[in-house]
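Here is how names work: the chains are called A, B, and so on, in the same order as the sequence lines, proteins then strands, and each is numbered from 1.
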Protein chains: 2
Amino acid sequence: MASAKRKPGPTELLVLEDFLPYRLSILSNRVSRAIAARYAKTFGLSIPEWRIIAVLGRRPGLTAKEVAEATEMDKVAVSRAVAKLVESKRVAARADREDARRQILSLTAQGESVHARIAPIALASEQRLLAALDARERAQLDALVGHLLDAAKTL
Amino acid sequence: MASAKRKPGPTELLVLEDFLPYRLSILSNRVSRAIAARYAKTFGLSIPEWRIIAVLGRRPGLTAKEVAEATEMDKVAVSRAVAKLVESKRVAARADREDARRQILSLTAQGESVHARIAPIALASEQRLLAALDARERAQLDALVGHLLDAAKTL
DNA sequence: GAGATTTAGTTTCATCTGTAACCAATGGCA
DNA sequence: TGCCATTGGTTACAGATGAAACTAAATCTC
């Protein structure tokens with residue numbers, strides 16, 4: 001459907017539905033919203049909180065700053081989300097011995113439990129989306145998104 | 001870099017950096033922010049306003065509701081952005097004769113001018129991003145994103 | 001080792017966004 | 001025709017988000 005009415009020349013006309021940044025935005029929104037809806041209701045987690053749980057689940061002991069880097073969120077967002085997660089007893093923050101400014105973050109038992117239950121849900125959603133593609137297309141997608149992520153870094 | 005340490009099995013481990021919804025979100029954000037920065041400074045436009053200008057530039061005479069559909073924004077967002085655009089004299093809204101609830105929207109001369117200057121900028125940004133891909137990859141990307149957009153519709 | 005600089009994280013404030021309630025006009029339909 | 005349901009659009013309120021200012025700890029420099 002998107003193929004028949006593609007752009008005429010290389011850079012001529014701006015057609016919103018064909019404009020890659022727009023399409024990526026719509027795609028990302030649809031996907032994020034669908035997944036977020038599932039764990040928001042079940043666990044009361046926001047996307048930032050979810051990301052932090054995902055990252056700490058695999059890499060406990062990160063500082064807030066490292067979490068910010070790993071999740072590509074800014075430190076304000078991390079600070080707020082961590083505050084909520086500590087509040088809800090899903091993340092434990094203990095001061096770093098060597099640098100009192102730093103917080104060493106890790107999941108509590110409750111946090112681990114959430115992580116253990118949420119990861120399969122997330123992966124299943126991803127699989128549902130990827131079900132639209134065959135193995136070769138998935139590999140292509142992976143590579144293309146990787147390239148674009150690199151390229152977009154220095155836009 | 002993303003290829004060497006890919007997922008081990010089909011659905012085993014949740015690794016944020018490899019998780020498609022996450023990657024799409026980061027990609028979309030990087031791209032949108034880069035482009036938005038350019039026209040936000042030059043024209044003082046938000047993303048919703050920009051989208052509306054893009055759509056009305058090609059298809060004048062749409063109603064607010066049709067604009068909402070065309071841009072995939074909700075009607076509240078459209079209402080607000082249109083209000084600003086009317087305020088800044090870039091969009092003209094006249095009541096529909098046949099249905100007094102409807103607004104017929106179109107660009108003013110000023111709006112046209114903004115559109116004419118912004119479209120090339122947007123397309124150039126898109127091209128800069130796509131410069132990372134060759135022709136075959138672009139075609140693949142186009143098709144893949146199309147598939148995913150469809151699939152994501154019913155997530 | 002005192003003062004300037006940088007760094008980790010928080011708070012503040014202003015703006016944006018999303019949901020729900022709302023208002024007014026239209027379209028049944030009895 | 002008069003009432004109800006629907007539709008186009010706006011308003012109101014609450015929560016999310018981002019930039020910049022701020023605090024406190026560490027580091028650097030002389």
Side-chain angles (χ1 to χ4, degrees), chain A residues 25-26 28-37 39-41 43-52 55-56 61-88 91-106, chain B residues 25-26 28-30 32-37 39-41 44-52 55-56 61-88 91-106:
Chain A
S25 168
I26 299 297
S28 169
N29 273 356
R30 281 190 194 163
V31 171
S32 291
R33 293 174 70 86
I35 299 185
Y39 56 73
K41 303 219 166 170
F43 302 98
L45 290 178
S46 66
I47 290 181
E49 292 170 67
W50 181 88
R51 285 188 182 172
I52 291 173
V55 129
L56 290 180
L62 295 184
T63 66
K65 162 155 232 228
E66 290 164 337
V67 167
E69 281 158 9
T71 56
E72 297 222 11
M73 308 194 290
D74 73 30
K75 58 186 189 163
V76 177
V78 171
S79 171
R80 287 196 266 237
V82 165
K84 279 190 204 159
L85 288 168
V86 168
E87 164 75 19
S88 62
V91 163
R94 60 170 214 280
D96 183 349
R97 284 279 175 87
E98 301 178 352
D99 185 337
R101 293 169 305 179
R102 285 202 276 251
Q103 293 199 336
I104 308 284
L105 303 173
S106 53
Chain B
S25 167
I26 299 298
S28 169
N29 275 353
R30 281 189 195 163
S32 291
R33 293 174 69 86
I35 299 184
Y39 57 72
K41 303 218 166 169
L45 290 179
S46 65
I47 290 180
E49 291 170 69
W50 181 88
R51 286 187 183 172
I52 290 173
V55 131
L56 290 180
L62 296 184
T63 67
K65 161 155 232 226
E66 290 164 337
V67 167
E69 281 157 10
T71 56
E72 297 224 10
M73 308 195 291
D74 72 29
K75 59 186 189 163
V76 177
V78 171
S79 171
R80 287 195 267 238
V82 165
K84 279 191 202 157
L85 288 168
V86 168
E87 164 77 19
S88 61
V91 164
R94 62 169 214 280
D96 183 350
R97 284 276 176 87
E98 302 178 352
D99 185 338
R101 292 169 305 179
R102 284 202 276 252
Q103 293 199 336
I104 308 284
L105 302 173
S106 53

key: Contacts of type salt bridge (Lys or Arg N to Asp or Glu O under 4.0 Å), residue Arg33(B), not counting sequence neighbours   = none
key: Residue pairs, two or more places apart or on separate chains, that pass side chain to side chain donor-acceptor pair (under 3.5 Å) and touch residues 75-85 of chain B   = none
remark   = Sorted by chain and number, sequence neighbours left out, side chain to side chain contact (heavy atoms under 4.5 Å, CB included) with Ala95(A) holds for none
inquiry  = At a heavy-atom distance below 4.0 Å, which nucleotide of DNA chain D is the first touched by chain B, and which is the last?
reply    = dT7(D) to dA19(D)
inquiry  = Treating primed atoms plus P, OP1 and OP2 as sugar-phosphate and everything else as base, which nucleotides of nucleotides 12-21 of chain C get B, S or - for protein heavy atoms under 4.0 Å?
reply    = B---SBBBB-
request  = List in chain and number order the residues that pass side chain to side chain contact (heavy atoms under 4.5 Å, CB included) with Ala34(B), two or more places apart in sequence or in another chain; answer none if no residue qualifies.
outcome  = Leu155(A)
Under the side chain to side chain donor-acceptor pair (under 3.5 Å) test, residues paired with Asn29(A) that sit two or more places apart = none
ask   = Arg94(A): what forms a side chain to side chain donor-acceptor pair (under 3.5 Å) with it, not counting sequence neighbours?
value = none
inquiry  = If the condition is side chain to side chain donor-acceptor pair (under 3.5 Å), which residues does Arg102(A) pass it with, not counting sequence neighbours?
reply    = Asp96(A)
Return the polar atom pairs (N/O with N/O) between nucleotides 23-26 of chain C and the protein under 3.5 Å, or none.
unit_1: dA25(C); atom_1: N3; unit_2: Arg101(B); atom_2: NH1; d: 3.2
unit_1: dT26(C); atom_1: OP1; unit_2: Ala100(B); atom_2: N; d: 3.0

ask   = Can you tell if the side chain of Tyr39(B) reaches within under 4.5 Å of the side chain of Ile47(B), non-hydrogen atoms only?
value = yes
Side chain to side chain donor-acceptor pair (under 3.5 Å) against Asp74(A), all qualifying residues, sequence neighbours excluded = none
query = According to the salt bridge (charged side-chain N to carboxylate O under 4.0 Å, His left out) rule, which pairs have a member within residues 61-73 of chain B, sequence neighbours left out?
reply = Arg30(A)-Glu72(B), Lys65(B)-Glu69(B)
